[in-house]
Amino acid sequence: MVRPCGPSPYCHENRHAAFGVEAAQEIEDRVATMGRRPFCKRLNADANALAREIIDAVKQSEIQFDRQSGHGALDSADFQ
(Lines give C-alpha, C1' and ligand atoms only; values in the text may rest on other atoms or scores of the structure.)
Protein backbone atom coordinates (compact mmCIF):
# COMPACT_ATOMS: atom_id res chain seq x y z
CA MET A 1 0.00 0.00 0.00
CA VAL A 2 1.22 3.49 -0.81
CA ARG A 3 1.90 5.73 2.17
CA PRO A 4 0.03 9.04 2.12
CA CYS A 5 2.11 12.11 1.41
CA GLY A 6 2.23 15.15 3.58
CA PRO A 7 -0.10 18.11 3.16
CA SER A 8 1.56 19.28 -0.07
CA PRO A 9 -0.59 18.73 -3.17
CA TYR A 10 2.61 18.35 -5.17
CA CYS A 11 3.79 15.23 -3.35
CA HIS A 12 1.53 12.97 -5.43
CA GLU A 13 2.68 14.46 -8.72
CA ASN A 14 6.31 14.30 -7.60
CA ARG A 15 5.86 10.58 -7.07
CA HIS A 16 4.61 10.28 -10.65
CA ALA A 17 7.74 12.13 -11.78
CA ALA A 18 9.87 9.71 -9.75
CA PHE A 19 8.37 6.80 -11.68
CA GLY A 20 9.65 8.39 -14.89
CA VAL A 21 13.11 9.08 -13.48
CA GLU A 22 13.41 5.50 -12.23
CA ALA A 23 12.26 4.13 -15.60
CA ALA A 24 14.83 6.24 -17.44
CA GLN A 25 17.60 5.01 -15.13
CA GLU A 26 16.52 1.39 -15.58
CA ILE A 27 16.47 1.80 -19.37
CA GLU A 28 19.93 3.33 -19.33
CA ASP A 29 21.33 0.61 -17.06
CA ARG A 30 19.81 -2.28 -18.98
CA VAL A 31 20.72 -0.95 -22.43
CA ALA A 32 24.31 -0.53 -21.24
CA THR A 33 24.46 -4.25 -20.44
CA MET A 34 22.70 -5.54 -23.56
CA GLY A 35 25.88 -6.65 -25.25
CA ARG A 36 26.81 -6.51 -28.89
CA ARG A 37 24.51 -6.98 -31.85
CA PRO A 38 25.51 -7.82 -35.42
CA PHE A 39 23.83 -4.72 -36.87
CA CYS A 40 23.00 -1.23 -35.64
CA LYS A 41 19.38 -1.68 -36.68
CA ARG A 42 19.17 -4.80 -34.54
CA LEU A 43 20.64 -3.00 -31.54
CA ASN A 44 18.20 -0.13 -32.04
CA ALA A 45 15.21 -2.49 -32.31
CA ASP A 46 16.26 -4.49 -29.24
CA ALA A 47 16.91 -1.35 -27.18
CA ASN A 48 13.53 0.11 -28.17
CA ALA A 49 11.75 -3.14 -27.30
CA LEU A 50 13.45 -3.17 -23.91
CA ALA A 51 12.50 0.46 -23.28
CA ARG A 52 8.87 -0.21 -24.26
CA GLU A 53 8.78 -3.16 -21.85
CA ILE A 54 10.06 -1.00 -18.98
CA ILE A 55 7.73 1.89 -19.81
CA ASP A 56 4.72 -0.44 -19.99
CA ALA A 57 5.60 -1.83 -16.55
CA VAL A 58 5.94 1.70 -15.15
CA LYS A 59 2.56 2.66 -16.60
CA GLN A 60 1.00 -0.25 -14.74
CA SER A 61 2.77 0.80 -11.53
CA GLU A 62 1.41 4.32 -11.93
CA ILE A 63 -2.11 3.01 -12.46
CA GLN A 64 -1.78 0.97 -9.27
CA PHE A 65 -0.31 3.98 -7.43
CA ASP A 66 -3.27 6.14 -8.48
CA ARG A 67 -5.74 3.47 -7.37
CA GLN A 68 -4.05 3.09 -3.98
CA SER A 69 -3.81 6.84 -3.44
CA GLY A 70 -7.30 7.63 -4.71
CA HIS A 71 -5.73 9.53 -7.60
CA GLY A 72 -4.00 11.77 -5.10
CA ALA A 73 -6.96 12.29 -2.76
CA LEU A 74 -5.17 10.38 0.01
CA ASP A 75 -2.09 12.51 -0.69
CA SER A 76 -3.89 15.84 -0.24
CA ALA A 77 -3.51 16.46 -3.97
CA ASP A 78 -6.72 18.44 -4.33
CA PHE A 79 -5.98 21.36 -6.63
CA GLN A 80 -9.48 22.86 -6.44
Side-chain angles (χ1 to χ4, degrees):
M1 176 105 174
V2 174
R3 297 181 281 116
C5 287
S8 169
Y10 299 104
C11 182
H12 179 84
E13 296 308 319
N14 286 339
R15 286 188 180 173
H16 278 294
F19 279 108
V21 170
E22 290 169 12
Q25 186 63 57
E26 183 177 355
I27 290 167
E28 185 176 314
D29 292 346
R30 290 184 57 192
V31 166
T33 63
M34 283 178 56
R36 301 181 84 164
R37 299 295 190 275
F39 303 103
C40 289
K41 285 184 180 183
R42 178 62 187 256
L43 177 63
N44 187 50
D46 290 351
N48 282 329
L50 176 64
R52 278 191 299 275
E53 175 186 314
I54 293 167
I55 290 167
D56 288 346
V58 167
K59 285 180 184 179
Q60 291 306 309
S61 294
E62 289 199 73
I63 289 168
Q64 182 178 4
F65 169 65
D66 272 337
R67 283 184 187 138
Q68 290 176 336
S69 69
H71 291 271
L74 301 177
D75 296 332
S76 302
D78 184 4
F79 288 97
Q80 296 180 10

Point to revise | Spacing of CG belonging to Asp66 relative to CD belonging to Glu62, to within rounding of 0.5 Å | key: 7.0 Å
Please output the side-chain donor-acceptor pairs of residues 49-61 that fall under 3.5 Å, not counting sequence neighbours, one pair per line with the distance.
unit_1 : atom_1 : unit_2 : atom_2 : d
Ser61  : OG     : Ala57  : O      : 3.2

Review point. Which ring pair (Phe, Tyr, Trp, His ring centres under 6.0 Å) pairs, counting each pair once, include a residue from residues 24-43, with sequence neighbours left out?
Key: none
Exercise for review: Might you point out which heavy atoms bring Gly35 and Leu43 nearest each other, and give the distance in Å?
Suggested key: O-CD1, 4.3 Å
Review point. Looking at residues at least two apart in the chain, or sitting in another chain, which of them share a side-chain hydrogen bond (donor to acceptor under 3.5 Å, both in side chains) with Glu22?
Key: none
Review point. Counting only N and O atoms by type, is there a donor-acceptor contact under 3.5 Å from the side chain of Asn48 to the main-chain atoms of Asn44?
Key: yes
Exercise for review: Give me the ring orientation class for Phe65 and His12: parallel if the planes are under 30° apart, tilted from 30 to 60°, perpendicular past 60°.
Suggested key: parallel
Check your understanding: Looking at residues at least two apart in the chain, or sitting in another chain, which of them share a side chain to side chain contact (heavy atoms under 4.5 Å, CB included) with Asp46?
Key -> Met34, Arg37, Arg42
